[in-house]
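Scroll down for the structure; my scribbles are underneath it.
As the structure is a computational prediction, the values presented were derived from the model and not from experiment.
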Amino acid sequence: TPLYSSAASDVYKRQVSELSALSKDYDATFILHDTRNDDTAKLAKALGMTDVPFYVLPDMILRGHIPQIVLPRYLK
């Protein structure tokens, strides 16, 4: 599950910690993309995502920070 965010933000740091825990609990793989990278920023723009963070799942895109307690419902 790709997550697009800016590595400079406190939200990003919290997300990394939460996603690391979820990866272990749900055997899920998360790929973090830093939107400070030009190619990543272009892809985010092409997806219509101008605000970070957002999550790209197989059947949907979730905008905004999703709390660790809520995100698992989207992983099943």
Legend entry - Residue pair Leu22 / Pro72: nearest heavy atoms and the distance that separates them: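 Distance-wise, the nearest heavy atoms are CD2-CG, 3.6 Å.
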Enter the distance from [X]:[atom1] to [Y]:[atom2] here, rounded to the nearest 0.5 Å.
| X | Y | atom1 | atom2 | value |
| --- | --- | --- | --- | --- |
| Leu75 | Tyr55 | CG | OH | 10.0 Å |
| Leu19 | Ile66 | CG | CD1 | 10.5 Å |
| Tyr26 | Leu71 | OH | CG | 9.0 Å |
| His33 | Asp39 | NE2 | CG | 11.5 Å |

Inset, instruction - State which residues pass side chain to side chain contact (heavy atoms under 4.5 Å, CB included) with Asp25; sequence neighbours excluded, sorted by chain then number. - result: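 Applying side chain to side chain contact (heavy atoms under 4.5 Å, CB included) to Asp25 gives none.
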Inset, instruction - Taking the side chain as every heavy atom from C-beta outward, state whether Ile61 and Met49 have any pair of such atoms under 4.5 Å apart. - result: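 They are in contact (side-chain heavy atoms under 4.5 Å apart), so the answer is yes.
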Inset, instruction - Would you please test Phe54 and His65 for side chain to side chain contact (heavy atoms under 4.5 Å, CB included) and show each step? - result: CA-CA 7 Å; Phe54 63 93; His65 173 69; over 6 Å; no
